[in-house]
> 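The following block contains the structure, expressed as structure tokens.
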2 protein chains.
Amino acid sequence: MTRRAEAADMPHHGEIKTPDRLRRRASRLLSQMSAQSDRLINEGLAQADAHKWHYAVLASLQEHGPGSQATLSRRAGIYRSDMVGVLNELAERGLVGRAPDPDDRRRNVITITAQGRRHLRRLDKVLDDLHDQLLAPLAPAERDQFVQLLTRLLDHHTQQAPRPPRIP
Amino acid sequence: MTRRAEAADMPHHGEIKTPDRLRRRASRLLSQMSAQSDRLINEGLAQADAHKWHYAVLASLQEHGPGSQATLSRRAGIYRSDMVGVLNELAERGLVGRAPDPDDRRRNVITITAQGRRHLRRLDKVLDDLHDQLLAPLAPAERDQFVQLLTRLLDHHTQQAPRPPRIP
DNA sequence: CGGGTTGCGTTAGTCGCACTAACGATGTAC
DNA sequence: GTACATCGTTAGTGCGACTAACGCAACCCG
């Protein structure tokens with residue numbers, strides 16, 4: 001209070017770097033957009049009685065073939081502790097088979113069933129639609145670029161970086 | 001088992017749409033990248049004894065001047081319920097002032113202090129560094145484009161969309 | 001052979017963040 | 001003056017990411 005008047009609370013013009021720096025911070029944009037995306041996707045998948053993780057597991061099975069739970073866990077980026085429940089749900093609905101591996105009795109071998117493949121096709125459609133909503137404001141070329149930028153960033157921070165854990 | 005051999009689990013070539021569709025889904029990229037970003041930022045800010053929300057509040061105060069808690073809440077995208085704790089922490093450290101509004105006795109008027117401004121300057125530097133790490137693999141022009149794409153997406157999903165809540 | 005390390009599936013639980021519900025106190029509109 | 005909205009605050013939910021510890025099976029190496 002002793003120093004001059006209290007005009008000090010208003011933006012300091014003459015010292016401007018970025019007006020609106022809050023809204024432009026990539027970290028904020030990422031977390032807010034991720035929340036928005038999560039909401040959209042979860043709602044959409046819920047209407048198909050599904051879950052993000054179901055899709056991830058089924059898609060990874062379809063693309064890389066059967067595998068142990070730990071393998072799937074790494075492929076799909078889901079922790080083994082969470083994988084248990086996901087596979088329970090998928091197995092209950094007959095979308096995957098879970099059988100002990102005769103060659104290594106610690107493992108379960110997970111395979112996708114015909115019904116699972118059918119379900120995956122449905123989910124793929126649902127997700128195509130949802131991503132169309134998600135990326136609505138971007139032109140096709142921009143969508144590709146967006147995905148490409150994100151991919152490069154993610155690769156940088158997962159693969160070679162000594163950043164914290166990545167499905168340990 | 002009764003139907004031919006079990007080659008049915010491998011990827012169906014001849015039906016390929018996108019190989020690797022899991023990894024290319026924007027929703028997945030967003031959530032994974034957001035997690036990575038959160039980790040990086042939180043760690044960095046923790047070393048400065050700070051928090052994402054502290055920065056958001058201080059920056060919004062600096063840019064738009066003082067305001068009630070509810071106003072700040074809307075400006076910074078933080079729920080009123082969370083704002084209470086954030087302001088307690090900031091006030092404890094003498095970074096903001098919190099005084100009852102004489103014109104409307106429901107409100108508290110929050111102002112940034114000189115010390116708060118100093119702290120904000122520090123945080124801005126820290127965040128600049130962290131974002132440099134975050135966006136390391138992108139060239140300057142690409143960083144701008146990334147931010148611009150994210151901004152457009154976020155605007156679309158917050159402003160005009162009847163999507164769920166945005167600080168109600 | 002035997003003993004240590006490593007990987008497996010499972011259970012339980014933590015932490016942080018977005019978000020809701022409800023409260024008393026105050027202000028606004030009709 | 002009565003109904004309704006808004007404010008700050010407390011408490012609590014739900015979910016996703018993540019950790020710890022378990023018993024078991026397999027592998028390594030001396």
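Proteins get letters first, then strands, A, B, ... in listed order; numbering begins at 1 in each. Computed over heavy atoms, backbone and side chain alike; hydrogens, waters and symmetry mates excluded.
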> Using a strict 4.0 Å threshold on nitrogen-to-oxygen distance, state whether R152(B) and E142(A) make a salt bridge.
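A salt bridge is present here (some side-chain N lies under 4.0 Å from a carboxylate O).
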> Using whole Å, report how far CG of N108(B) lies from C1' of dC7(D).
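Distance check: N108(B) CG to dC7(D) C1' gives 9 Å.
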> When you measure from the side chain of R39(A), which nucleotide among dC18(D), dC19(C), dG8(D) comes out closest?
dC19(C)
> Establish, with yes or no, whether the OP1 or OP2 oxygen of dT9(D) is under 4.0 angstrom from a side-chain nitrogen or oxygen of Q69(B).
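For dT9(D), OP1/OP2 do have a side-chain N/O of Q69(B) under 4.0 Å.
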> Counting the atoms with a prime plus P, OP1 and OP2 as sugar-phosphate, which does S81(A) contact under 4.0 Å by heavy atoms, base, sugar-phosphate, or nothing?
base
> Categorize D82(B) for me: base, sugar-phosphate, or nothing, with a 4.0 angstrom heavy-atom threshold over every strand shown.
base
> Hey, is R25(B) close enough to D124(A) for a salt bridge, meaning N to O under 4.0 Å?
yes
> Under 3.5 Å, is there any donor-acceptor pair linking the side chain of N42(A) to the base of dC15(D)?
no
> Give the rounded distance in Å between these two atoms: CZ of R74(A) and P of dG7(C).
9 Å
> Could you check V109(A), I78(A), V86(A), I110(A) and say which one makes a side-chain contact (heavy atoms from CB on, under 4.5 Å) with Q69(A)?
I110(A)
> Are any protein N/O atoms closer than 3.5 Å to N/O atoms in nucleotides 21-27 of chain D? If there are, list each pair with its distance.
residue: dA26(D); atom: OP1; partner: R105(A); partner atom: N; Å: 2.9

> Atom CE of M83(B) and atom P of dA18(C): how far apart are they, to the nearest Å?
12 Å
> Whole angstroms only, please: what is the CZ-P distance between R75(A) and dC8(C)?
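These atoms are roughly 13 Å apart.
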> Can you establish whether the number of heavy atoms outside R28(B) located under 6.0 Å from its atom CZ is more than 12?
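Count over threshold, so yes.
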> What's the CD1-P distance between I41(A) and dC15(D), to the nearest Å?
17 Å
> Within the pair Y79(A) and dA17(D), is there a side-chain N or O less than 4.0 Å away from OP1 or OP2?
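Checking dA17(D) against Y79(A), no side-chain N or O comes under 4.0 Å of OP1 or OP2.
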> Taking only residues two or more places apart in sequence, or in another chain, which ones meet S34(A) in a side-chain hydrogen bond (donor to acceptor under 3.5 Å, both in side chains)?
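Not a single residue meets the side-chain hydrogen bond (donor to acceptor under 3.5 Å, both in side chains) criterion with S34(A).
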> Would you say R75(B) has more than 12 foreign heavy atoms packed within less than 6.0 Å of its CZ?
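Yes - once you tally the heavy atoms of other residues, nucleotides and ligands closer than 6.0 Å, there are more than 12.
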> Between P on dG16(D) and NZ on K52(A), what's the gap in Å once rounded to a whole number?
6 Å
> If only side-chain N and O atoms of Q36(B) are considered, is one of them under 4.0 Å from the OP1 or OP2 phosphate oxygen of dA17(D)?
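It does not, given that no N or O in the side chain of Q36(B) lies less than 4.0 Å from OP1 or OP2 of dA17(D).
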> In whole Å, I'd like the distance from the CG atom of D38(B) to the P atom of dC17(C).
7 Å
> If you find the nucleotide of DNA chain C closest to S31(A) and the one closest to V84(A), which residue's nucleotide is nearer the 5' end?
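Whichever sits nearer the 5' end wins; that is V84(A).
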> Identify the two heavy atoms, one from R23(B) and one from L29(B), that lie closest to each other, and give their separation to 0.1 Å.
O-CD2, 3.4 Å
> For Q32(A) and dA18(C), what is the distance between atoms CD and P respectively, to the nearest whole Å?
8 Å
> Side chain of W53(B) only, please: which of dA18(C), dG9(C), dG8(D) is the nearest?
dA18(C)
> Could you tell me if the side chain of R93(A) sits less than 4.5 Å from the side chain of T113(A), heavy atoms only?
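In short, these two side chains do not touch, never coming nearer than 4.5 Å.
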> For DNA chain D, whose closest nucleotide is more 5', that of H51(A) or that of T71(B)?
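Comparing both residues, the 5'-ward one is T71(B).
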